[in-house]
Number of protein chains: 2
Amino acid sequence: MPLKPSNSIPDIVIGRLPLYLRALTHLRQEGRDVTSSHELGEKLGISSAQIRKDLSHFGGFGKQGTGYQIDFLIDRLRKVMQVNQEWRVAVVGAGHLGSAISRYRGFRDRGFRIAWVFDADPAKIGTKIDDFIVQDVANMQDIIRSNKVQIAMIAVPAEQAQQVANLLVEAGVRAILNYAPININVPPHVMVQYIDPVVHLQHMTYYLLSDE
Amino acid sequence: MPLKPSNSIPDIVIGRLPLYLRALTHLRQEGRDVTSSHELGEKLGISSAQIRKDLSHFGGFGKQGTGYQIDFLIDRLRKVMQVNQEWRVAVVGAGHLGSAISRYRGFRDRGFRIAWVFDADPAKIGTKIDDFIVQDVANMQDIIRSNKVQIAMIAVPAEQAQQVANLLVEAGVRAILNYAPININVPPHVMVQYIDPVVHLQHMTYYLLSDE
DNA sequence: AACTGTGAAGTTTTTCACAGCC
DNA sequence: GGCTGTGAAAAACTTCACAGTT
């Protein structure tokens with residue numbers, strides 16, 4: 001996933017930062033001002049030592065004897081992850097899933113704004129999803145290029161995912177979140193992450209007692 | 001995540017099995033009969049040695065000099081993960097996301113069938129989503145208990161996720177896939193996995209060049 | 001010649017445990 | 001007394017490299 005194979009901070013650490021940020025945001029919503037590595041760890045099912053070690057990569061954010069100032073830590077983590085700005089995101093696919101993603105209100109306050117929704121289906125192009133008008137995929141590369149869009153989400157059927165990814169990469173997209181249940185190939189300078197609920201379900205059924 | 005903290009096969013290995021199964025299924029769809037650890041690894045961005053080692057935990061599935069018989073390996077992996085049966089799954093939340101999940105056709109041939117959709121909103125209860133009628137959450141525990149439902153997906157707002165999880169656990173659910181962007185607490189015999197697109201996006205923005 | 005399965009080696013990640021500070 | 005930050009130790013995970021099989 002990492003753009004550089006390694007600068008110095010392990011990618012597995014970077015992957016936990018969003019979880020820390022999410023938990024901290026909830027604590028703040030509950031009106032809390034200060035927390036500890038122990039409390040955070042409890043909430044997340046991660047050891048307190050690991051949380052301290054992870055955070056220490058970015059500087060001494062805590063105070064001995066006291067813990068971590070929540071506002072301060074949120075602010076720092078946001079800067080580290082560069083979500084103290086708003087990233088404009090393109091969604092490809094305006095089916096049930098693409099529509100649900102586009103309508104989801106939870107991106108905005110965490111650093112992302114869905115700014116365009118594309119589809120190839122003439123029946124969908126021009127229709128409205130909340131505020132957006134579904135755009136023709138034929139115009140996608142122009143729009144991505146002229147707006148310097150770096151992030152896209154793929155919500156098309158598996159058969160079309162690779163083809164869509166190719167277009168996105170060619171237009172300059174650097175980070176792809178793929179909801180289609182298929183691995184896609186991209187050049188090394190492009191990151192891909194996957195969301196496939198079935199992968200999680202199958203992981204869990206391994207441990208379940210059979211139904212039959 | 002694992003039900004038993006450890007039987008002997010590392011959980012990280014179990015987590016990769018669904019990816020192998022998914023890639024194998026695609027290969028078969030392309031008409032292929034045989035593959036190798038090297039080819040699978042290429043597709044998945046995983047080393048061939050790792051794939052061989054992972055698979056070797058479950059027995060010798062391959063043939064030296066030849067590789068892996070795709071049908072055979074699919075069959076074995078399905079059995080290992082217990083997805084050679086159909087698990088009935090409950091969805092809680094019939095908003096945009098819950099509806100999109102419930103309508104998604106991709107569960108069926110991978111071992112899962114959405115069998116019930118619940119919501120608390122009187123405006124939604126009784127409405128149809130494809131074949132289902134949205135059920136009242138008030139009846140959820142009875143339905144889960146009498147049908148011995150072991151798996152549920154949570155697609156409600158973050159504020160209600162814990163409360164829903166409590167009901168599910170109390171009714172006997174053993175595996176939860178939580179789409180709400182919040183950590184939930186469950187007893188140790190219950191597994192939880194999370195789907196939060198923002199976590200993936202924030203992971204990637206760490207490596208991007210700032211937009212501004 | 002091609003490929004698996006696997007001990008051994010190497011690397012990464014996590015935990016321990018404690019000095020230092022509030 | 002409570003908590004962080006961190007070297008050192010331990011554990012987990014991945015890769016190497018090759019014997020053995022087809």
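Proteins get letters first, then strands, A, B, ... in listed order; numbering begins at 1 in each. Only this structure's heavy atoms are used, side chains among them; waters, hydrogens and symmetry mates stay out.
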Rounded to the nearest angstrom, tell me the gap between atom [atom1] in [X] and atom [atom2] in [N].
| X | N | atom1 | atom2 | result |
| --- | --- | --- | --- | --- |
| B:Leu55 | D:dT14 | CG | C1' | 15 Å |
| B:His38 | D:dT15 | NE2 | P | 14 Å |
| B:Asp54 | D:dT15 | CG | P | 10 Å |
| B:Gln50 | D:dC16 | CD | C1' | 13 Å |
| B:Glu42 | C:dC3 | CD | C1' | 15 Å |
| A:Arg52 | C:dT15 | CZ | C1' | 10 Å |
| A:Ile14 | C:dT13 | CD1 | C1' | 14 Å |

CA sep, side-chain torsions, deciding dist, call: B:Phe107, B:Met153, side-chain contact (heavy atoms from CB on, under 4.5 Å) = CA-CA 12 Å; B:Phe107 289 114; B:Met153 297 164 102; 3.6 Å; yes
key: Geometric cation-pi criterion, A:Arg76 with A:Tyr68: 6.0 Å, 45°   = no
query = Between A:Gly67 and A:Ala49, which is nearer to the 5' end of DNA chain D once each is assigned its nearest nucleotide?
reply =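 On the 5' side of the pair lies A:Gly67.
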[X] vs [N]: side-chain N/O to OP1/OP2 distance below 4.0 Å:
| X | N | result |
| --- | --- | --- |
| B:Tyr68 | C:dG5 | yes |
| B:Arg16 | D:dT14 | yes |
| B:Ser37 | C:dT4 | yes |
| B:Ser47 | D:dT14 | no |

inquiry  = Here's a test for you: under side-chain contact (heavy atoms from CB on, under 4.5 Å), which of A:Leu44, A:Ile51, A:Ile46 qualifies with A:Arg16?
reply    =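 Filter result, single survivor: A:Ile46.
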query = What nucleotide, of D:dC18, D:dG5, D:dT15, holds the atom closest to the side chain of A:Ser56?
reply =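 The closest nucleotide is D:dG5.
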task = Please determine, for the side chain of B:Ile12, which listed nucleotide (D:dG5, D:dT14, C:dT15) has the closest atom?
result =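 Nearest listed nucleotide: D:dT14.
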B:His26, NE2 atom: more than 12 neighbouring heavy atoms under 6.0 Å =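 Check passes, neighbour count above 12.
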Give me the distances for all protein-to-nucleotides 19-22 of chain C N/O pairs that come in under 3.5 Å?
{"from": "C:dG20", "atom 1": "N2", "to": "A:Gln64", "atom 2": "NE2", "distance (Å)": "3.3"}
{"from": "C:dG20", "atom 1": "N3", "to": "A:Gln64", "atom 2": "NE2", "distance (Å)": "3.4"}
{"from": "C:dC21", "atom 1": "O4'", "to": "A:Gln64", "atom 2": "OE1", "distance (Å)": "3.2"}
{"from": "C:dC22", "atom 1": "O4'", "to": "A:Gln64", "atom 2": "O", "distance (Å)": "2.9"}

inquiry  = Please check: side-chain N/O of A:Gln202 versus main-chain N/O of B:Arg110, any donor-acceptor pairing under 3.5 Å?
reply    =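 Checked: pair present.
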ask   = Going by atom types only, do A:Gln162 and A:Asn166 share a side-chain donor-acceptor pair under 3.5 Å?
value =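 Per modelled atom types, A:Gln162 and A:Asn166 side chains form a pair under 3.5 Å.
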Please list, pair by pair, any protein nitrogen or oxygen found under 3.5 Å from a nitrogen or oxygen in nucleotides 8-10 of chain D.
{"from": "D:dA8", "atom 1": "N6", "to": "A:Lys53", "atom 2": "NZ", "distance (Å)": "3.2"}

key: B:Tyr207 and B:His203 aromatic ring geometry - parallel, tilted or perpendicular at 30°/60° bounds   = tilted
inquiry  = Is the ring pair A:Phe61/A:Phe58 parallel, tilted or perpendicular, if the boundaries are 30 and 60 degrees?
reply    = parallel
query = Do the non-hydrogen side-chain atoms of B:Phe118 and B:Val164 ever get within less than 4.5 Å of each other?
reply =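 B:Phe118 vs B:Val164: side chains apart.
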